[in-house]
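Some notes on the structure that comes next.
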Amino acid sequence: MSAVPPSRRPKRVPAPPQDRGLSHELMQQIQDNQGDPDFMTSLGRGLVVLSVFSQHPREVTMSQISTETGISRAAVRRVLYTLEKLGYVGEQGRGFVLLPRVLGMGGAYVASSSMTAAAQPVLDALRDDVHESCSLGVLDGDDVLYVARAETVRIMSIGLRAGSRLPAYCTSMGRVLLAALPRDTLESYLERNPLRPRTERTVTRMDEFLDTLERVRREGVALVDQELEIGLRSIAVPVHARSGNVVGALNIGTQAGRISLGVMQSQLLPRLREAAQRLGTLLQ
């Protein structure tokens, strides 16, 4: 049997991303900008590849990156080769890891962000007052992005730090931020993000979820009890700039076995509100 000519062989189509996340959002934005002559698709793909590393604490293989992004292995290989030559990634074990040079980009944001600079001492004081981990988050795409954090002990199976991302629909900060969105923006978010159960407690019924957001909007507080991870409770309030706009969310996270929901509302919530108000007065 004669070989199939190369020109007639079916082209290998990369597998679609396995789940939603930052890399998926970036790939969608790349696709949406394909007709823009000034848009650099190759640079966009490089940033997508870098985004995958933020979701993995250890080395990432070429196959993992290709599977999670939908970018072909050949293109991923070229991106990694370029990043390695420039000193941003390096080989380790059977995969690749970020190198210290990337800290320059994150450090530049922290140094230039008035919100982050103002938030850290507020978070540190709140942590020392309540003896629980505290965080400041903003909505970045469809996720909550942690931009500042003051930690006591690890309360989740995954480590949280500035730069961590979590789904918005099942986190206290996420619900505060979603509740502040215009109706059409919220509807678009819900179309893109099915309410998947993270635990048996996660709210997945749309009518119940919308009622929850309305209560958050009305009361100015979101309390999430083990919907993201069993054993974790968190409470969050909005941070308002002087203009009145919601510019972030402040939260306290704790272990469910140590602090009851009643204590969170009666003792932690007043301190959390005071910290959010203090931070808001420091923002432009």
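The chain is numbered in sequence order, starting from 1. Just so it is clear, the model here is predicted, and its values are computed rather than measured.
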Val176 and Leu250: CA distance, side-chain angles, deciding distance, side-chain contact (heavy atoms from CB on, under 4.5 Å) verdict:
CA-CA 9 Å; Val176 164; Leu250 210 62; over 6 Å; no

Nearest non-hydrogen partners of [X] and [Y], listed with the distance:
X      : Y      : answer
Ala168 : Leu139 : CB-CD1, 4.0 Å
Ile230 : Gln226 : CG2-OE1, 3.7 Å
Gly248 : Leu177 : C-CD2, 3.7 Å
Ala150 : Asp124 : CB-OD1, 3.4 Å
Leu126 : Arg271 : CD1-O, 3.8 Å
Val247 : Ala241 : CG1-CB, 3.8 Å

Is there a side-chain contact between [X] and [Y] in this structure, where contact means two heavy atoms from C-beta onward sitting under 4.5 Å apart?
X      : Y      : value
Val60  : Phe96  : no
Leu269 : Val237 : yes
Asp143 : Leu166 : no
Leu213 : Leu186 : yes
Ser133 : Thr152 : yes
Leu99  : Tyr88  : no
Tyr146 : Arg165 : no
Thr41  : Gln34  : yes

Has [X] got a side-chain atom pairing as donor or acceptor with [Y]'s backbone, closer than 3.5 angstrom?
X      : Y      : result
Tyr189 : Tyr169 : yes
Ser172 : Leu223 : no
Gln267 : Met264 : no

Are [X] and [Y] grouped together when hydrophobic residues (ILVMFWY) are joined by side-chain heavy atoms under 4.5 angstrom apart?
X      : Y      : result
Val130 : Ile259 : yes
Leu210 : Leu181 : yes
Leu98  : Val76  : yes
Met62  : Val48  : yes
Val224 : Val216 : no

[X] atom [atom1], over 12 foreign heavy atoms within 6.0 Å:
X      : atom1 : result
Arg127 : CZ    : yes
Met206 : CE    : yes
Tyr81  : OH    : no

Salt bridge (charged side-chain N to carboxylate O under 4.0 Å, His left out) involving [X] - partner list, sequence neighbours excluded:
X      : answer
Glu214 : Arg217
Asp211 : none
Glu187 : Arg183

Approximate separation, where rounding is to 0.5 Å, of [X] [atom1] and [Y] [atom2]:
X      : Y      : atom1 : atom2 : value
Gln255 : Glu229 : CD    : CD    : 10.0 Å
Ile235 : Cys134 : CD1   : SG    : 11.5 Å
Arg73  : Ile71  : CZ    : CD1   : 13.0 Å

Is it true that the side chains of Thr254 and Glu132 contain a donor and an acceptor less than 3.5 Å apart?
-> yes

- Message: For the residue pair Arg149 / Ser135, report whether a side-chain donor-acceptor contact shorter than 3.5 Å exists.
- Response: yes

Between Glu227 and the options Arg198, Arg233, Arg175, the side chain to side chain donor-acceptor pair (under 3.5 Å) test singles out Arg175

Go through the steps to decide whether Val144 and Val138 satisfy the test side-chain contact (heavy atoms from CB on, under 4.5 Å), and finish with yes or no. CA-CA 6 Å; Val144 174; Val138 298; over 6 Å; no

Report task. Might you work through the side-chain contact (heavy atoms from CB on, under 4.5 Å) test for Val49 and Arg45, ending with a clear yes or no? Result -> CA-CA 6 Å; Val49 170; Arg45 287 175 178 163; 5.6 Å; no

query = Stepwise, does the side-chain contact (heavy atoms from CB on, under 4.5 Å) test hold for His240 with Asn245?
reply = CA-CA 5 Å; His240 296 271; Asn245 295 329; over 6 Å; no

